[in-house]
Trainee: 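Attaching a single structure in structure tokens format; questions to follow.
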Amino acid sequence: MLKKKLCTWLECKPLLMFLKFKDEVSSVLSNALESAGFETCDMALGESPHADIASSVAFRLASRYKKSPKEICDIIRDKIKIVPDSYIERVETAGPYLNFFASRAFLNENVLRILLDRENFGRLGNKGKIILEHTSANPDGPLHIGHVRNSVIGDTLARILDRAGFDVERQYYINDMGRQVAVVVWGLENFKLDTTKKPDHAIAEVYIEANKTLVDEKEHSPEVNNFMKKYEEGDTDTITLFRNAMDTAILGIKETLIRMNIHHDNFILESRFVRSGDVDKIVERIKETGRAAIKDGALMVDLKDKGIQKALVIQRSDGTSLYTTRDLAYHEWKAGQCDRMIDILGADHKLISSQLKAVLSIIGIKEPEIVIFEFVSLPEGSMSTRRGVFISADEVLDQVRQAAYEEVAKRRPETDEEFKKKVSEFVGIGAVRYDIIRVSPEKSTTFDWKQALDFEKQGAPFIQYAHARACSIIKNAEEKGAVLGEFDPNILVEEQEVALIKKLAAFENVIDIAAHDLKPALPAIYARELADAFNQFYRFVPVLSAEPEYVKARLALVECSRIVLANALDTLGITAPESM
RNA sequence: GGGCUCGUGGCUUAGCCAGGAUAUAGCGCCGGGCUUCUAACCCGGAUGCCGGGGGUUCGAAUCCCCUCGGGCCCGCCA
């Protein structure tokens, strides 16, 4: 059996090879510095187009030891000792730079490791429970494209952290005590819900209509306030009305999320923290610190010593709680059941989230890590559910699917309707997710239909296509009777093969950095580069028409590519198709 | 007015936190490649005072200061 053989082969081999390669370079270099009599400082390791790992450490020592960087570099190189079986093949100097290259052993073991670990390749050994909160859109209408940015960033980060080894719980926090839900409830009492529409869209209609009416007819405002008051007091009939409204909206929201391969493990109502008394308790705790003071009737916390000029109001003058107070209680609750908390929030929450963190630190509660993303606006300005000015996620998904359908129909006219529909759905979802995640969260963006529906760019379909190609080769191989079996990885020496293996090997490092820095765009960029490397291999290195021993080895490399492409796509929440 | 953030070829964008080798990639543009494992592909080319100005440094897209432009926020909304 191939698998058994691989197991024996890889016994005692490190699980994380790229990380080991990096460590090896680091220690080899560190030893060389020491024996050369240089003080070991920052190794200055980095990526480079000239090497697999490069070091510019010579610059840092130059002035201190009164030698040119180049001289220092040569001295270091002469002191470098590479042991047999090392993942380092050799080290070269290029002027003041030290360039390290990966060894054949590194390449071979990666190929074998991928074949052995399969979907678990790139899974890291981190431990600990993380509660990641994302989306948390108010239940007053469908998700719009701004919410989707939150959802996609949150879900991708959750997938990255999961692959990095953490136990990740995804939570959706429902703000059920704010005015918007009360407006929806009031609207449902006064207007008819269109039950033929998707429930979240129907709720939005009622919400928009209610808001319009409440502006025009101010006399209804107390009715909304009354709903809020009775809900906060725990009136059972009112609770039923609120639950009904929220369930309807959330039902539709969940449907959209599921369509995008996004799920939550837990939906948490903010009202539970008021009813449980946790909100009152946390207010008392803050009062005990002596930092809270009544000003204009409201209870405020001074945060100047935390670098925040704006004091935070934690209780209204009428004694009721605010969103922030309830959020404090929510975080206290979360902190008690995990090692880390991560919140994905829009840029409008920058100040409030730093205030939240400051208050939590004052009362000795673990602080959340906050990932802020900038706004998605429309060419005509910012979106607003209340005013009905937004582009819904469903609308975008439908349009993109339609555009994808036209592409499939054009490219694969011989396929049946079911195939075209299936492909256009996963291509559409993938395109939307990829387009969002490839851009760093801190960039503000303007939604553009033309750009959203453009399939010519090198995005998700490009990566999915590379995966489908790999599957196709494997399928054709099976039909020809060529199966995966024993092979000699040493013969994979073509330029494109070596480049592809190195790219495959980098996956675990990408996950490691993305998880550490909370950068969801990294796997997206990596997946595109991997697809690129695979396509070049595909173009220049024949697999099935090669000599028999090459067929075996290259087929194994195709399988490796398929596995890692699938893992990368899975990390992005994008379908890895066998055919498209 | 104050705070945060972004500004990189026509457009979108990586690199910035931890300063170093010709500044990343895509779209678009120009040119080439389907009798060959799916051409949603591959190869080549043109296009950049890294918003502007100063400073630190042997070296700045990256660090510091100033300035201009976009976005977001600024005590009882969420």
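Side-chain atoms are counted along with the backbone in the values below, which use heavy atoms only and exclude waters and symmetry mates. Chain letters run A, B, ... following the sequence lines, proteins first, then strands; residues in each count from 1.
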Trainee: Can you find a side chain N or O atom of A/Ser440 that sits less than 4.0 Å from OP1 or OP2 on B/A14?
Mentor: yes
Trainee: At under 4.0 Å between heavy atoms, what does A/Asp327 touch on the DNA or RNA strands: base, sugar-phosphate, or nothing?
Mentor: nothing
Trainee: Answer syn or anti for B/G75, where the cut-off is 90° from 0 on the glycosidic torsion.
Mentor: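 What B/G75 shows is a syn base, its glycosidic angle lying within 90° of 0.
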Trainee: From B/C76, B/U12, B/G75, pick the nucleotide closest to the side chain of A/Ser317?
Mentor: B/C76
Trainee: For A/Glu374 and B/G7, give me the distance from atom CD to atom C1', rounded to whole Å.
Mentor: 13 Å
Trainee: Could you check whether A/Val408 gets within reach of a base, just the sugar-phosphate, or nothing at all, counting any heavy atom under 4.0 Å?
Mentor: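 The answer is base, as A/Val408 lies within the cut-off (heavy atoms under 4.0 Å) of a base atom.
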Trainee: Scan A/Lys450 against the nucleic acid and name what it touches under 4.0 Å (heavy atoms): base, sugar-phosphate only, or nothing.
Mentor: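 If one applies the 4.0 Å heavy-atom cut-off, A/Lys450 turns out to touch nothing in the nucleic acid.
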Trainee: Mind checking A/Glu578 for me? I need base, sugar-phosphate or nothing, with any heavy atom below 4.0 Å counting as a touch.
Mentor: base
Trainee: Closer than 3.5 angstrom, by distance alone: can the side chain of A/Glu497 be matched with the main-chain N or O of A/Glu494 as a donor-acceptor pair?
Mentor: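 Between the backbone of A/Glu494 and the side chain of A/Glu497 there is a qualifying donor-acceptor contact (under 3.5 Å).
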Trainee: For A/Val541, which contact category applies under a 4.0 Å heavy-atom criterion: base, sugar-phosphate, or nothing?
Mentor: base
Trainee: Using a heavy-atom cut-off of 4.0 Å across all strands, would you classify A/Asn99 as base, sugar-phosphate, or nothing?
Mentor: base
Trainee: If I take atom CG in residue A/Asp454 and atom P in nucleotide B/U13, what distance separates them, rounded to the nearest angstrom?
Mentor: 15 Å
Trainee: A/Leu557 CG to B/C37 C1': how many Å, rounded?
Mentor: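 Distance check: A/Leu557 CG to B/C37 C1' gives 14 Å.
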Trainee: Assign A/Ser579 to base, sugar-phosphate, or nothing according to its heavy-atom contacts below 4.0 angstrom with the strands shown.
Mentor: base
Trainee: Starting from P on B/U8, measure out to CD on A/Glu442 and report it in whole angstrom.
Mentor: 13 Å
Trainee: Quick check on contacts: within residues 343-351 of chain A, what sits under 4.0 Å from RNA chain B by heavy-atom distance?
Mentor: A/Ala347, A/Asp348, A/His349, A/Lys350, A/Leu351
Trainee: Would you classify A/Gln180 as touching base, sugar-phosphate or nothing, given that sugar-phosphate means primed atoms plus P, OP1 and OP2, and contacts are heavy atoms under 4.0 Å?
Mentor: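 Here A/Gln180 touches the backbone only, sparing every base.
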Trainee: Look at the rings of A/Phe273 and A/Tyr330 and say which category their plane angle falls in: under 30° parallel, 30 to 60° tilted, over 60° perpendicular.
Mentor: tilted
Trainee: Taking the side chain of A/Asp532 as heavy atoms from C-beta outward, which of B/C42, B/A40, B/C41 is closest to it?
Mentor: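 Per side-chain heavy atoms of A/Asp532, the pick is B/C42.
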Trainee: Both distances under 3.5 Å, Watson-Crick or G-U wobble: report the partner of B/C34, or none.
Mentor: none
Trainee: Kindly assign one of parallel, tilted or perpendicular to the pair A/Phe447 and A/Trp449, based on the angle between their ring planes and the thresholds 30° and 60°.
Mentor: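 It falls in the perpendicular class, over 60°.
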Trainee: Can you find a side chain N or O atom of A/Arg179 that sits less than 4.0 Å from OP1 or OP2 on B/A78?
Mentor: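 Checking B/A78 against A/Arg179, no side-chain N or O comes under 4.0 Å of OP1 or OP2.
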Trainee: For salt bridge (charged side-chain N to carboxylate O under 4.0 Å, His left out), just list the numbers for A/Glu92 and A/Arg90, CA-CA rounded to whole Å, side-chain angles, deciding distance to a tenth of an Å, and then say yes or no.
Mentor: CA-CA 7 Å; A/Glu92 290 175 357; A/Arg90 63 183 198 280; 2.8 Å; yes
Trainee: Does the side chain of A/Gln536 get closer than 4.0 angstrom to OP1 or OP2 of B/C43 through an N or O atom?
Mentor: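 Affirmative; the distance criterion is met.
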Trainee: Can you tell me, in whole Å, how much space there is between the C1' of B/C16 and that of B/G7?
Mentor: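 Their C1' atoms lie roughly 13 Å apart.
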Trainee: With distance as the sole criterion, is a donor-acceptor pair present between the side chains of A/Arg77 and A/Thr93 under 3.5 Å?
Mentor: yes
Trainee: Is a donor on one side and an acceptor on the other found under 3.5 Å between the side chain of A/Ser561 and the backbone of A/Leu557?
Mentor: yes
Trainee: Side chains of A/Asn175 and A/Arg326 only: does a donor on one sit below 3.5 Å from an acceptor on the other?
Mentor: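 On atom types as modelled, these side chains do not qualify, holding no pair under 3.5 Å.
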Trainee: A/Val313 side chain: which of B/A21, B/C42, B/C76 is closest?
Mentor: B/C76
Trainee: So A/Asp296, base contact, sugar-phosphate only, or nothing? Heavy-atom distance under 4.0 Å.
Mentor: base
Trainee: Tell me whether the OP1 or OP2 atom of B/C58 has a side-chain N or O from A/Arg60 closer than 4.0 Å.
Mentor: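 For B/C58, neither OP1 nor OP2 has a side-chain N or O of A/Arg60 closer than 4.0 Å.
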Trainee: Output yes when at least one side-chain N/O atom of A/Lys443 is less than 4.0 Å from OP1 or OP2 of B/G7, else no.
Mentor: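 Yes, A/Lys443 has a side-chain N/O under 4.0 Å of OP1/OP2 on B/G7.
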Trainee: Roughly, in whole Å, what's the span from CD1 in A/Ile314 to C1' in B/A78?
Mentor: 17 Å
Trainee: Would you indicate which nucleotide in B/G15, B/A78, B/A21 comes nearest to any side-chain atom of A/Asn138?
Mentor: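 My answer, after comparing the listed nucleotides, is B/A78.
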Trainee: Under 4.0 Å, counting only non-hydrogen atoms across every strand here, what does A/Val423 touch: a base, just sugar-phosphate, or nothing?
Mentor: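 Touches a base.
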Trainee: Who does B/A25 pair with, Watson-Crick or G-U, both distances under 3.5 Å?
Mentor: B/U12
Trainee: Between A/Gln309 and A/Thr324, who's closer to the 5' end of RNA chain B by nearest nucleotide?
Mentor: A/Gln309
Trainee: What integer distance in Å separates A/Arg412:CZ from B/A39:P?
Mentor: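 Checked: the CZ to P distance equals 10 Å.
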Trainee: Looking only at side-chain atoms of A/Arg316, point me to the closest of B/C76, B/C43, B/A40.
Mentor: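 Given the options B/C76, B/C43, B/A40, the side chain of A/Arg316 is closest to B/C76.
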Trainee: What is the distance, rounded to the nearest whole Å, between atom CZ of A/Phe373 and atom C1' of B/C6?
Mentor: 16 Å
Trainee: Between A/His331 and A/Asp343, is any side-chain donor less than 3.5 angstrom from a side-chain acceptor?
Mentor: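 Indeed, the side chains of A/His331 and A/Asp343 share at least one donor-acceptor pair under 3.5 Å.
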Trainee: Using OP1 and OP2 only, check whether a side-chain N or O of A/Arg438 sits under 4.0 Å from B/A25.
Mentor: no
Trainee: With a 3.5 Å cut-off and heavy atoms only, can you find an N or O donor on one side and an acceptor on the other between the side chain of A/Ser472 and the base of B/C37?
Mentor: no
Trainee: Quick check for you: among B/C43, B/C17, B/U22, whose closest atom lies nearest to any side-chain atom of A/Phe540?
Mentor: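 Selected nucleotide (nearest to the side chain): B/C43.
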Trainee: Should A/Arg326 be listed as having a side-chain N or O under 4.0 Å from OP1 or OP2 of B/C77?
Mentor: no
Trainee: Whether the A/Ser151 and A/Thr135 side chains hold a donor-acceptor pair (N or O, under 3.5 Å, no angle test) is what I'd like checked.
Mentor: yes
Trainee: Of the nucleotides B/A21, B/A40, B/A78, which has the atom closest to the A/Glu270 side chain?
Mentor: B/A78
Trainee: Check every strand shown and say whether A/Ile352 touches a base, only sugar-phosphate, or nothing at a heavy-atom separation below 4.0 Å.
Mentor: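 Counting heavy atoms under 4.0 Å across all strands, the contact made by A/Ile352 includes a base.
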Trainee: Please check the phosphate of B/C42 (OP1 and OP2 only) for any side-chain N or O of A/Asn535 closer than 4.0 Å.
Mentor: yes
Trainee: If you measure from the C1' atom in B/G10 to the same atom in B/G53, how many Å do you get, rounded?
Mentor: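 Looking at atom C1' only, B/G10 and B/G53 are 26 Å apart.
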Trainee: Write down the distance separating the P atoms in B/C58 and B/A46, rounded off to the nearest Å.
Mentor: 36 Å
Trainee: Consider only side-chain N and O atoms of A/Glu223 and A/His220, and report whether a donor and an acceptor are under 3.5 Å apart.
Mentor: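 Yes.
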Trainee: From the options B/C72, B/U22, B/C37, select the nucleotide whose nearest atom is closest to the side chain of A/Ser382.
Mentor: B/C72
Trainee: Would you mind pulling out the nucleotide paired to B/C50, Watson-Crick or G-U wobble, both distances under 3.5 Å?
Mentor: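 None - no nucleotide pairs with B/C50, as no candidate has both distances under 3.5 Å.
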Trainee: If the cut-off is 4.0 Å, is A/Tyr538 near the phosphate of B/A39, judged by side-chain N/O to OP1 or OP2?
Mentor: yes
Trainee: Under 4.0 Å, heavy atoms only, any strand: does A/Ala54 hit a base, just the sugar-phosphate, or nothing?
Mentor: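 A/Ala54: base contact, heavy atoms under 4.0 Å.
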Trainee: Quick one: A/Phe462 CZ to B/A25 P, roughly how many Å, whole number?
Mentor: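 Computing the A/Phe462:CZ to B/A25:P distance gives 13 Å.
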Trainee: With a cut-off of under 6.0 Å to the ring centre and 45° to the axis, is A/Arg469 in cation-pi contact with A/Tyr538?
Mentor: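 Yes, A/Arg469 lies over the aromatic ring of A/Tyr538.
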Trainee: C1' atom, B/C68 versus B/U24: distance in rounded Å?
Mentor: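 B/C68 and B/U24 have their C1' atoms separated by 27 Å.
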Trainee: Watson-Crick or G-U wobble partner for B/U62, using a 3.5 Å limit on both distances?
Mentor: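 Per the H-bond distance test, none.
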Trainee: Between A/Lys443 and A/Glu374, is the closest basic N to carboxylate O distance under 4.0 Å?
Mentor: no
Trainee: Give one of base, sugar-phosphate or nothing for A/Lys295, where a contact means two heavy atoms less than 4.0 Å apart.
Mentor: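 Here A/Lys295 touches the bases of the nucleic acid.
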